[in-house]
Amino acid sequence: MYIGVDCGTQSTKVVVVDVERGVILGEGSRPHRLDEGEHGRREQAPAEWLAALKGAFFQAIERAGIDAKQVRGIGVSGQQHGMVALDADGVPVYPAKLWCDTETSAQNSALVETLGGEAGCLEKLGLVLQTGYTASKVAWLREHQPDAYQRIATLLLPHDYLNFWLTGERVTEAGDASGTGYFDTRAQCWQKEVFAAIAPELDPDRVLPRIIDAYEPAGRVRPLVAQELGLGDNVVVSSGGGDNMMGAIGTGNITQGLVTLSLGTSGTVCAYSPNSVVCDSAMVANFCASHGGWLPLICTMNVTSATTRVRELFGLDLATFGEQVASAPIGADGVTVLPFFNGERVPMLPDATGDFLGLTSLNMTQANLCRGVMEGATFGLRYGLELLGELAAGTSQIRLIGGGAKSPVWRQMVADITNTQVICPEITDAAALGAAIQAAWCDLQPEGVSLASLCERLVHLDAASLAEPDAERVAAYEGAYQRYLAALGQRHSL
């Protein structure tokens with residue numbers, strides 16, 4: 001038995017996996033509170049992650065109907081980029097600033113300039129710094145919370161922090177470390193020169209975690225934690241990784257030819273590459289994978305977070321919202337939505353706000369506004385998919401995950417907008433499954449068990465979710481997408 005944990009923005013999810021039988025035995029989930037403020041501040045207390053992990057763990061174990069002492073390993077997936085700064089006692093000096101926090105956009109711009117612009121970033125890091133990466137959060141803390149900054153003894157990412165709580169070890173791996181902004185994604189090591197520009201008073205050898213290979217264990221569960229969770233002795237904790245990297249494993253996207261697309265709070269599009277890549281666009285992140293190789297990725301910040309805002313504005317439940325979307329025509333009768341309520345990363349508009357364009361007295365209906373925001377979020381993902389260039393050009397299938405993937409209307413919309421076959425894994429919260437698979441790989445690799453064989457055994461596709469692109473709808477969406485691009489061009493020029 002293996003446990004997969006996914007600590008996301010809205011909740012922590014836990015799955016219990018029986019590798020021998022190739023089945024998911026139980027799942028659990030507990031919500032988090034998101035603290036939002038002016039200027040794009042979005043933070044969480046790491047203590048909430050621990051409470052949610054414990055609650056979700058006990059729920060999943062109970063639903064699985066097993067004794068926790070049967071668990072052999074745990075893998076942890078975490079929301080990327082979050083800054084968890086700890087003091088010498090392992091206590092956070094400040095709440096965790098999250099991936100979706102845009103309060104640090106000024107610091108990010110200054111860092112990009114200091115490093116020599118986009119060309120300098122690419123030379124030093126293999127990618128271009130973006131607001132949301134950990135680097136600008138550290139710079140922001142130094143500038144705005146100097147007392148907290150001076151107490152920093154360790155800098156971790158969210159999944160690293162959960163591994164630290166489980167094992168007492170301060171380690172990370174290349175996949176999640178790629179999103180810090182002070183990691184060389186080609187050489188797969190800390191970029192100490194860049195870190196010195198961000199935090200000159202901090203010693204990287206002291207505050208940054210040790211980098212381990214993806215297949216290596218982060219450690220073993222500490223006796224006190226094992227006792228609290230009811231685990232046996234010597235339970236292995238795998239290296240873990242960022243939620244996008246774990247989601248790739250959980251969809252079987254570990255070889256070329258597939259794309260994983262997530263309809264979560266944010267949206268991501270990623271494709272596996274055996275080699276480091278240099279893309280034409282600075283918005284493509286040359287991240288490493290959490291199983292070896294690379295996982296070039298784009299991220300949009302407004303997907304289910306955007307549709308939820310409109311759905312709740314009208315007081316609709318999910319089913320009724322889907323009915324409203326389905327009742328409106330493709331293109332929403334001319335309504336174009338730029339759903340940048342949280343700013344935006346792709347395209348690179350951290351200070352952007354949401355726009356509803358083309359409204360008239362005839363087309364301003366509930367159905368059109370619901371459809372318009374879903375189309376706008378999906379157009380943003382197509383925009384990102386096209387930035388991947390050759391990596392995505394030969395894609396045979398999109399593996400769709402995240403909460404939005406549960407919507408048949410949205411699945412068909414993705415298929416038609418991208419003109420690509422779409423299918424969901426049976427477990428659409430694939431990051432937790434990917435974490436469990438990685439834990440099994442870490443534990444069983446010495447016995448000759450490969451990651452590919454584990455994915456084949458545990459990643460099951462849901463045939464009922466299959467959506468094939470329809471030629472007429474593909475053509476109809478093209479006009480609406482061109483309107484979206486025109487509106488995007490106008491926003492860029494402002």
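In this chain, residues are counted from 1 in sequence order.
The aromatic ring centroids of Tyr149 and His144 lie 6.0 Å or more from each other. For Trp140 and Tyr94, the ring centers sit closer than 6.0 Å to each other.
A donor-acceptor pair is defined here as one N or O able to donate and one able to accept, closer than 3.5 Å; such a pair exists between the side chain of His460 and the backbone of Arg457. Judged purely by atom type and a 3.5 angstrom limit, Thr304 uses its side chain to pair as donor or acceptor with the backbone of Gly264. Proximity of a side-chain donor or acceptor of Trp294 to a complementary backbone N or O of Thr185 within less than 3.5 Å is detected. Judged by distance alone, the side chain of His291 and the main-chain N or O of Ala214 form no donor-acceptor pair under 3.5 Å. Not one N or O on the side chain of Gln79 forms a donor-acceptor pair closer than 3.5 Å with the backbone of Asp243. When atom types are taken as modelled, the side chain of Asp176 and the backbone of Gln80 share no donor-acceptor pair closer than 3.5 angstrom. A donor-acceptor pair is defined here as one N or O able to donate and one able to accept, closer than 3.5 Å; such a pair exists between the side chain of Lys137 and the backbone of Gly132. Judged purely by atom type and a 3.5 angstrom limit, Gln438 has no side-chain atom pairing as donor or acceptor with the backbone of Ile249. No side-chain donor-acceptor contact under 3.5 Å links Arg30 to the backbone of Ala56. In terms of modelled atom types and a separation under 3.5 Å, the side chain of Ser407 and the main chain of Gly404 share no donor-acceptor contact.
More than 12 heavy atoms of other shown residues, nucleotides or ligands fall within 6.0 angstrom of atom CD in Glu468. The environment of CD in Gln482 is crowded: more than 12 heavy-atom neighbours from other residues, nucleotides or ligands sit within 6.0 Å. At most 12 heavy atoms of other shown residues, nucleotides or ligands fall within 6.0 angstrom of atom CD in Glu456.
A 4.5 Å side-chain heavy-atom check between Val17 and Val23 finds every atom pair outside the cut-off. Within the 4.5 Å cutoff, the side chain of Cys288 has heavy atoms near those of the Gln188 side chain. Side-chain contact between Tyr383 and Pro347 is present, with heavy atoms from C-beta onward closer than 4.5 Å. Looking only at side-chain heavy atoms (C-beta outward), Thr307 and Val310 stay at 4.5 Å or farther from each other. The side-chain heavy atoms of Ile330 and Arg371, taken from C-beta on, include a pair separated by under 4.5 Å. Side-chain contact between Leu338 and Leu349 is absent, with no heavy atoms from C-beta onward closer than 4.5 Å. Taking the side chain as every heavy atom from C-beta outward, Ile437 and Val459 approach each other to under 4.5 Å. Contact of the Leu115 side chain with the Leu129 side chain is registered, since non-hydrogen atoms from C-beta on lie closer than 4.5 Å.
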Next item on the list: Take Thr320 and Asp317 through the side chain to side chain donor-acceptor pair (under 3.5 Å) test and state the conclusion after the steps.
Entry: CA-CA 5 Å; Thr320 308; Asp317 59 24; 2.6 Å; yes

Check: Hey, mind stepping through Val337 and Tyr484 against side-chain contact (heavy atoms from CB on, under 4.5 Å) and telling me if it holds?
Finding: CA-CA 8 Å; Val337 180; Tyr484 171 87; over 6 Å; no

Item checked: Trace of the side chain to side chain donor-acceptor pair (under 3.5 Å) decision for Ser262 with Asn244 -> CA-CA 8 Å; Ser262 174; Asn244 295 302; 5.7 Å; no

Item checked: Derivation of the side chain to side chain donor-acceptor pair (under 3.5 Å) call for Thr134 and Trp99 -> CA-CA 8 Å; Thr134 322; Trp99 64 272; over 6 Å; no

Check: side chain to side chain donor-acceptor pair (under 3.5 Å) between Gln412 and Asp416: does it pass, once the steps are laid out?
Finding: CA-CA 6 Å; Gln412 188 61 54; Asp416 293 332; 3.1 Å; yes

Check: Checking side-chain contact (heavy atoms from CB on, under 4.5 Å) for the pair Cys7/His159: CA distance, chi angles, key distance, verdict?
Finding: CA-CA 7 Å; Cys7 177; His159 111 265; over 6 Å; no

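The structure places OG1 of Thr265 at 9.0 Å from CG of Asn342, a figure rounded to the nearest 0.5 Å. We find the NZ-OG1 distance between Lys97 and Thr102 to be 9.0 Å, quoted to the nearest 0.5 Å. The structure places CG of Leu433 at 4.5 Å from CD1 of Ile24, a figure rounded to the nearest 0.5 Å. Separating the CG atom in Asn419 from the OG1 atom in Thr395 is a distance of 11.5 Å, to the nearest 0.5 Å. One finds the CE atom of Met245 at 11.5 Å from the OG atom of Ser239 (value rounded to the nearest 0.5 Å). Between the CZ atom of Arg186 and the CG atom of Leu125 there is a distance of 7.5 Å, given to the nearest 0.5 Å.
Salt bridge Arg63/Glu27: absent, no basic N to carboxylate O contact under 4.0 Å. A salt bridge links Glu478 to Arg382: one of the charged nitrogens lies within less than 4.0 Å of a carboxylate oxygen. Contact check on Asp101 versus Arg42 returns no salt bridge, with no Lys/Arg side-chain nitrogen under 4.0 Å from an Asp/Glu carboxylate oxygen. A salt bridge does not link Glu36 to Arg41: none of the charged nitrogens lies less than 4.0 Å from a carboxylate oxygen.
Closest approach of Ser273 to Pro296, counting heavy atoms only: CB-CD, 4.1 Å. Taking every heavy atom of both residues into account, Gly334 and Asn363 meet most closely at C-ND2, 4.2 Å. Across all non-hydrogen atoms, the minimal contact from Ile254 to Ala452 is CD1-CA, 3.8 Å. Scanning both residues, Leu127 and Ser178, for their nearest heavy atoms gives CD2-O, 3.6 Å. Closest approach of Gly175 to Glu173, counting heavy atoms only: N-OE1, 2.8 Å. Scanning all heavy atoms of the two residues, the minimum distance from Asp6 to Gly78 falls at OD1-N, 4.4 Å.
Using modelled atom types, one finds no donor on one side chain facing an acceptor on the other under 3.5 Å when comparing Arg142 with Gln107. A side-chain donor from one of Thr378 and Trp410 sits under 3.5 Å from a side-chain acceptor of the other. Side-chain contact check for His32 and Thr12: at least one donor-acceptor pair (N or O, by modelled atom type) lies under 3.5 Å. For the 3.5 Å distance criterion, the side chains of Asn302 and Glu344 qualify, holding a donor opposite an acceptor. A donor-acceptor pair shorter than 3.5 Å cannot be found between the side chains of Thr131 and Ser105. A donor and an acceptor atom, one from each side chain of Thr365 and Asn368, are located under 3.5 Å apart. In summary, the side chains of Thr336 and Arg483 do present a donor paired with an acceptor at a separation below 3.5 Å, with no hydrogens or angles considered.
The aromatic rings of Phe379 and Tyr477 sit perpendicular to each other, their planes meeting at more than 60°, with 30° as the lower class boundary. By the 30° and 60° cut-offs, the orientation of the rings of Tyr133 relative to His81 is parallel.
Under the side-chain contact (heavy atoms from CB on, under 4.5 Å) rule, Leu400 has a single partner from Val422, Thr260, Val259, which is Val422.
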